[in-house]
Each structure stands twice: as structure tokens, then as C-alpha cells.
Number of protein chains: 4
Amino acid sequence: MTRKTKNAPRNPPRQARSQATVSAIFDATTRILDREGAEAATTTRIAAVAGVSIGTLYQYFADRDAILDALQEREFDRALALMSDVLSDRHLARSPRATVTAVVRGLGELYAACPGLQRALAIDALSTTHGGPKPARVEAFDMRIIAIVRHFLGAMHATARRSNVEAAAFVVHHAVRAVMLARLLERPAGLDEKALEAELVDLVLRYLVEEPRAVKRRAR
Amino acid sequence: MTRKTKNAPRNPPRQARSQATVSAIFDATTRILDREGAEAATTTRIAAVAGVSIGTLYQYFADRDAILDALQEREFDRALALMSDVLSDRHLARSPRATVTAVVRGLGELYAACPGLQRALAIDALSTTHGGPKPARVEAFDMRIIAIVRHFLGAMHATARRSNVEAAAFVVHHAVRAVMLARLLERPAGLDEKALEAELVDLVLRYLVEEPRAVKRRAR
Amino acid sequence: MTRKTKNAPRNPPRQARSQATVSAIFDATTRILDREGAEAATTTRIAAVAGVSIGTLYQYFADRDAILDALQEREFDRALALMSDVLSDRHLARSPRATVTAVVRGLGELYAACPGLQRALAIDALSTTHGGPKPARVEAFDMRIIAIVRHFLGAMHATARRSNVEAAAFVVHHAVRAVMLARLLERPAGLDEKALEAELVDLVLRYLVEEPRAVKRRAR
Amino acid sequence: MTRKTKNAPRNPPRQARSQATVSAIFDATTRILDREGAEAATTTRIAAVAGVSIGTLYQYFADRDAILDALQEREFDRALALMSDVLSDRHLARSPRATVTAVVRGLGELYAACPGLQRALAIDALSTTHGGPKPARVEAFDMRIIAIVRHFLGAMHATARRSNVEAAAFVVHHAVRAVMLARLLERPAGLDEKALEAELVDLVLRYLVEEPRAVKRRAR
DNA sequence: GATGAATGAGCGTTCATTCAT
DNA sequence: GATGAATGAACGCTCATTCAT
């Protein structure tokens, strides 16, 4: 994903067989990333684990990076689908806490499902070739996230706290992601999955949404 | 930085000339990371930019990774020094907001000074060899950060909000770091340095410290 | 050949083209060893002389050492085949002298065919990494040689002289090998191929086999 | 010892201090070869173990190879001194068996004193740069050995067996050396030091010297 | 003489990518 | 379309040797 993005992207696969091949490549990459680490994810190994030849792999992906790009797209779509769903109007009756908890939990599950992949994607996002076109996709994703969050905040006008919605969405998005990723690597004492979720929900809620009973809560 | 750190570390440089050489290598690495990206930071290029031969480079560093390790150590020390200073007892008279602002601003300056290096260090921290011993230094850093933050929270007992101090320190540390890093890469609209600082201070303050006037603020 | 033999051995070549490539690598290595000396046998040079790329070389051999290992195996097999044949039961009707002469002559031809390779293999056998597992293959070879020699000695029970058969086989094997090798290097006056053969046959015969008419032979 | 033998040899050291330095370098090299293996014997390590700087080392030896050359010379001298002594006229009254045993035992002790060095010297002797001037010293040594052996054989005219004395000396010399070296590496079962000595004495004696009682011995 | 920081040619090796079959 | 043998630029690293101090 990092290098050059040379030629035009290959034709999107249409046949059933093609779809199966692409799926096999995705699965193989994810599995290798999770079980063998990022260093093992060579094109040769991906092809081997996917059960296709290296030549076939290059028929579907222009580049090694194109595989990671596609996987990133897929994870982005999943995250967006989750958020669209939870923050959609039909759930807005719920309390802000319930909503934020649902988002954090959902994202947590997404991360836990393929930690190696998430780690690789995070690295990749940080590895932009100097001035390259990489962040385009990432920024697009961020914009979509921001749109969703703004919609959410707009819906709870009475209690929403932030004035700079873009900034708030950016901050929340990266903070949550980073903490989840960090726990994947460090597994610090006193921070199991439940505790992490509680802390993140609190972090987000206090930041984004007003908290009228703060005074009473002091006795914690 | 990722692999094994093979043999005993090279003799620590003692002579003046040696110190100059090591400095040149540090500067060259930082400059390459900032200006040419992480991929350009090969041993050959570092030596060339530092104006020394590849052999000299290896007289001071056992490994390519050892260079990054030393740079990481240096940045860690700087961050810790900053926090120790700002959070030390002699500053505790200040308001929590003033204190947190000082920390965020200080860290922001640290990051802005060498964004490429910070990015590389973040990548490196994510790149642990599968199950390897890498996070040792990183975890040690985290522990020290946590100790400092706990000290800070303890000093404002009346208003401190979190019960799980380790978790809170972990969350805050990674959240702040990630947001700063992300801005380095994406430079999103509506999030200049000042705005970023304000958002982060708010994020941290509301999360960590009680906010008695929250009720009155509702009308925002 | 000395170090670790890291990963699983590369897939054994199956296609005709593959076989040709492996042969080219073997031939190139042998030729370089014979004509340019052991120091010239770098992976780069081997690939160049073989007319393949360095990448292709590594598709067939895990290691530089793996090439020498395979060549050693091949030479071992040739020597064992020779001895099995000459010392097999179907030749036992011959006089001991005829048999030993056949062995010495056969080995001499093997050595003369690729003196540089033989020299390199001898060096390699001496180069065991300190306490390493290298001699495994070499010892296995020795054991097979010893087994064959013992069979031979057993067949001429009436005249065999040695009581410690293992020791005798070891001694003969290394003595013959060393003398042949030494002549390859030094080509001393008065020791042409015929003379060398005669001396070695005598050395072995007198050592291994009884010589009843020694008393009569005196007047030489 | 292997490479190029560039310039004229450095002035032979004359001062006491110089002698001490050279000795330290010899001892260091021998010790490293014996305890750490041939791969550890770099110029840097030799200088470190000898307690001198690398610059000083190069003041006494033109080359890395020059160190091994000098060590080879020293071992050659020791072997020759041993043989001159044992085979000298004043010992000729002894039986041939006693004489040969003394030689074999003496050489065995020389080898056992520094096996790593002996191994390195053997490798070195085999590693001649293609067509280089290396064997000159080795051949000179062989000539001296041959002279001594011829003198010995001449003294026992009645019983000496070989007609081609040069060849015989060459054969015996290399055979004995190789077997001793091989045992250093392989330590085969059933071949302890005493057994090895017995076998070698027998090998040499039967080859070189008439054995009138062979017939009677048959019952062995 | 002694020192040791500096040198750099050259090594073994990896892996994304191509293309003849 | 599928295959996988072939490619080769590029990397990290070693170590014998030099030379300014």
C-alpha cells in the first residue's frame, strides 16, 4: 500500500470464480497478519496460503499494496456500516450513553476479529510515501465518519457540547482507534476488554455530550 | 528496531569526536525521516547524509534498529522530562486547565519538531515482531508516564474523577499521541495547531478532572 | 555449508528446466572452485557463471552452504558407489591387492576430476562451527565407509590383520584422502599419479592385510 | 595467510618489548582459535585479546595472513625439532618401533596442545590462492621432513622397505597429520588417544620398515 | 611507536514483480 | 486465465586495513 500505485487498477472481478479468488486472497492475508505477523505477509506467502499462484494474485491486484488497500476499504466499510446503523435515526431514541457504548463495543469487536490486520492497516496509514497520494482514501474515510458523527451530534442539539464538529469527530475517531490498537499490543494490567470499553465510553461521552449530573456524581 | 539486538551494545562513545559522529547520525536519521520518509532511512542513506562511512555507523550502533532505539529513548526522555517538570509539585498551584494545557502544548512542540521521527517511532511501536520482546522499552515508558500522571491526579484528590488510574493514564497517553500524529499526516481542515490543542485539553480535562460548573454550562 | 541451514530445504526441483538450472549451478560451482579457487565461489559469481540470476539460485538453495552441502552429498555418493562396487562380493575373488588398487585408482579419478571441489570439501569438513552440528553428514559418511570396509575385511578373514576394525577404517579413509589432496596442492617431485597409487596401495595393504612373505622380500 | 602477501615483510622485531607484543599476539590467536573457533579470529579480536591496539598489530604483521604464517612457521619448527631429536643418531640404537612411537606420540602432543590452531593451519594450507605462492613454505617444510626421514631410513638400511624415499616421507607425513586432525573433529568411538597412537605406529612401521616377524605374528 | 576511529569493497540474502509457457 | 521459474535492485552488515593524532 505504501509504494507507488503504478498503473490503473485492475478490472474489478466480476465472475463468481474471481470473487472466490479475491476472497481467498483477503482471507489469506488477514490470517497471515494475525497469526504470523506483518513480516510474513509476503506476496509469495499470501498466494501460497490463498492456494493460488503468485501470477494469479497479480491478475487481481496491481500491487502488493493494492491488497492492503482493498482490505482497508473493507474495514472502513464495516466501520462505517456499524456507525451508520447505530447512529441512525431509528436508534436515536436511546440515551447518548447507550449509543456511544454500542459504537465502542462494535468497533472493539471489529478490532478483536483481526488484530494483526488492524495493526498492519494502522502502520500502513502512518507509512505514507512522503507527500504521496495515500491519505486520500484515509481522508475520505475520515470525512464520512465526520459526517456521521455530525449527524449524531446534530440530533442531540440540546446536549451536544462541541462547537467544532469536524475537529471533535477527528479527535474522537483517532483517540478511540489508538487506544484499542495500543491495548492489542501492550495488554496492560487493569485494562481488560470491559474496563477499556468503560473508559472509552466515558472519554467520548464527557468530551462530546453534556453531563448535567456531574456534581452529584462526585462521590464515585 | 524490531529484531533482536544481537551482540552487546557497542562501546559508548567517549571522545569528543565520537560524540560528534553519533550526533551526526542522529541528525541525519531524523532529517531523512522528516524529509524523505521512513523508507528512505536505509543504513546507507543515513551514513551518507551523516557524512560518515557505513563502517563508522556500525561502530556506534550494533544494528539499524539500534539507531531508532536510541532515538526513541531520547524522545521518551524528552517527553518524560517535560511532564515531570510541568506536573511537578512546584506547579501544582496552577489550575488543572493550565497544567494540562502546558503538557499538551509541550508535547505538541516535541511532535512538531520532528514529525517524521515521531511517525517512524509510532510505526515501530506497532511493528513488534510476532510475540517478540519489543514492547519492553515501550511498556517501561508507559509505566513511567502512568506514575507521573498518578502523582498528578493524587495531588488534586478533591476533583480527580477516575478510579482506575492506570487505565486512565494509558487511555490519555495513547489518545493524545494518536491525535497529534494523525494531524501530522492528514492536516484536516478546521484543525490548526491552536484548535487541536484546545480540543485535546478539553478531552483530557473532562475525562480526568471533575467539572463542577458543567450544570451551568449547559446553555452553550 | 558451515552455518545453520535455516529454513526448510527448497522444493526439490521437479521440472526438466529446474533440473537443468540445478545442474548449471553445480557445474558453475565446481568450475569456479577448480579454476578460480574457493574464495571466488561467491553466490554472485556462481550465479553469473551458471548463467542464472542470483534470485534463481536462491530458489533452489536455501543458503550458499546448501550448494556445497549438495555437492558434498554427491561426491560422497560417488565414492560410496565406487567402494560398494569394488568391494562387493562379486569382486571378492580378486586378490586383495587387485581390490585395493581398484579402490585407490577409482578414488584417485574422483579426486582428479574436480580437485578444487575436493579441496573445498576438505576445508569445509575442517571448518565446523565451534561445537556446531556440522560433522553429522560427514560422520554419517564415515560410518558408511567403515561399514563397507568392515565387510571387506570380514570377507578375507584368514588374512585380515586389524583387530579394531572401526579404527582401521577411519585411519585408512583419512590417510588415503589426505595424501591425494596433498598431491593436488603440492605436486611433489617423484610422485606422479602412478607412483602415488603404488605407495597408497602398499600403505593400505600392509596395514590391513597380512603379508606372509615379508621375510623373503628383504633384499630390496 | 591466504590472500595476497603484498609488501615486503616487516622488520623482524628485536627489542624485548617487541618480542613480548609478538608473543601476546601469537598467544591470543592460538587461544581464540582453540576456544572460540576460526570465525572469531578477526584482527580486531586478536588485538583485543592480546591487549594491544589494532594499529600495533599491524606494526608487527603486514597482514592478517602474516600472523598465521608465522604461527605455521613456529609449528613447523616444533615438529622438525621433535623429529630431528628423536630420529637423530643418538637415538638410533632404539628399535624402529620405539622410534616411530616416539615421533607419533610427540606429534600427537603437539596437536593436542592447540587443536584449533592446527585445524586453522590445515585449512590454510588447503586454501592457497589459485596458483599463489603459498605452498612455498609448505613445500620447504616437506623437504626438510623428507630429509630427516631419509636420514632415518638410511640408518636402518637393512630393514628399510621403501625405494622411493621422497614419496614415502610425503605419504607418511600427510597420512599421520590427517588422521590426527580428523580425530580432533570427529572423535569416533573406539579411537581414543592410545588406540590412535597404536594404529598410526602400526601404519607407519609396516609401510616403512621391514617386519621379519610378520609370519609369526599371524595368529593375532 | 602506539592508538583506535574511520573506511568501503564486497558479501549473503530478500522479495515484489514479470512473462514465457 | 493460470502458472511459477526467473529476475535483479536493494538491503543490512562484516572486517581487513589505513592514517591522523
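These figures come from a predicted structure and were not determined experimentally. Every chain is numbered from 1 and lettered A, B, ... according to where its sequence line falls, protein lines coming before strand lines.
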Considering just the side-chain nitrogens and oxygens of C/Thr44, establish if one lies under 4.0 Å of OP1 or OP2 belonging to E/dC11. no

Verify the distance criterion only: is there a donor paired with an acceptor across the side chains of C/Ser53 and C/Thr56 at less than 3.5 Å? yes

Heavy-atom closest contact (C/Ile67 atom, C/Ile46 atom, distance): CD1-CD1, 4.3 Å

D/Arg45 atom CZ is separated from E/dG4 atom C1', nearest whole Å, by 17 Å

Counting only side-chain N and O atoms of A/Tyr58, is one of them less than 4.0 Å from OP1 or OP2 of F/dG4? no

Tell me what D/Thr43 touches on the nucleic acid: a base, only sugar-phosphate, or nothing, going by heavy atoms under 4.0 Å. base

Could you walk me through whether C/Asp69 and C/Phe61 satisfy the side-chain contact (heavy atoms from CB on, under 4.5 Å) test, starting with their C-alpha distance in whole Å, then the side-chain angles of each, then the deciding distance to 0.1 Å, before giving a yes or no? CA-CA 10 Å; C/Asp69 280 342; C/Phe61 298 94; over 6 Å; no

Please report the distance, rounded to the nearest Å, between CZ in B/Arg64 and C1' in F/dC11. 10 Å

How many whole angstroms separate atom CD1 of C/Ile46 from atom P of E/dT13? 11 Å

Taking all atoms of both residues into account, what is the closest heavy-atom pair of D/Ala41 and D/Leu33, and its distance? CB-CD1, 3.6 Å

Secondary-structure stems for DNA chain F, with pairs counted as Watson-Crick or G-U when both distances are under 3.5 Å and runs at least 3 long: E:2-21 with F:2-21

To the nearest 0.5 angstrom, please state how far the CD1 atom of C/Ile25 sits from the CD atom of C/Gln59. 10.0 Å

Got a second to check how far B/Arg64's CZ is from B/Thr44's OG1, nearest 0.5 Å? 10.5 Å

Give the minimum heavy-atom separation between B/Val49 and B/Ala28, together with the two atoms involved. CG1-CB, 3.6 Å

Where is the tightest heavy-atom contact between C/Phe26 and C/Arg74, given as atom of each residue plus distance? CD1-NH1, 3.6 Å

At under 4.0 Å, does any side-chain N or O of A/Gln59 touch on OP1 or OP2 of F/dA2? yes

Could you state the CG-P distance from C/Leu68 to E/dG12, rounded to the nearest angstrom? 11 Å

Please give, in whole Å, the distance from E/dG12 P to C/Glu39 CD? 12 Å

What are the residues of residues 47-57 of chain C, sorted by number, that bring a heavy atom to within less than 4.0 Å of DNA chain F? C/Val52, C/Ser53, C/Ile54, C/Gly55, C/Thr56

F/dA5 C1' sits how many Å from C/Gln19 CD, rounded? 14 Å

Restricting to non-hydrogen atoms, name the atom on B/Asp34 and the atom on B/Leu117 that form the minimum distance, rounded to 0.1 Å. OD1-N, 3.3 Å

Between OH of D/Tyr60 and C1' of F/dT17 the distance, given in whole Å, is 18 Å

Could you tell me the separation between the CZ atom of C/Phe61 and the P atom of F/dA5, rounded to a whole number of Å? 14 Å

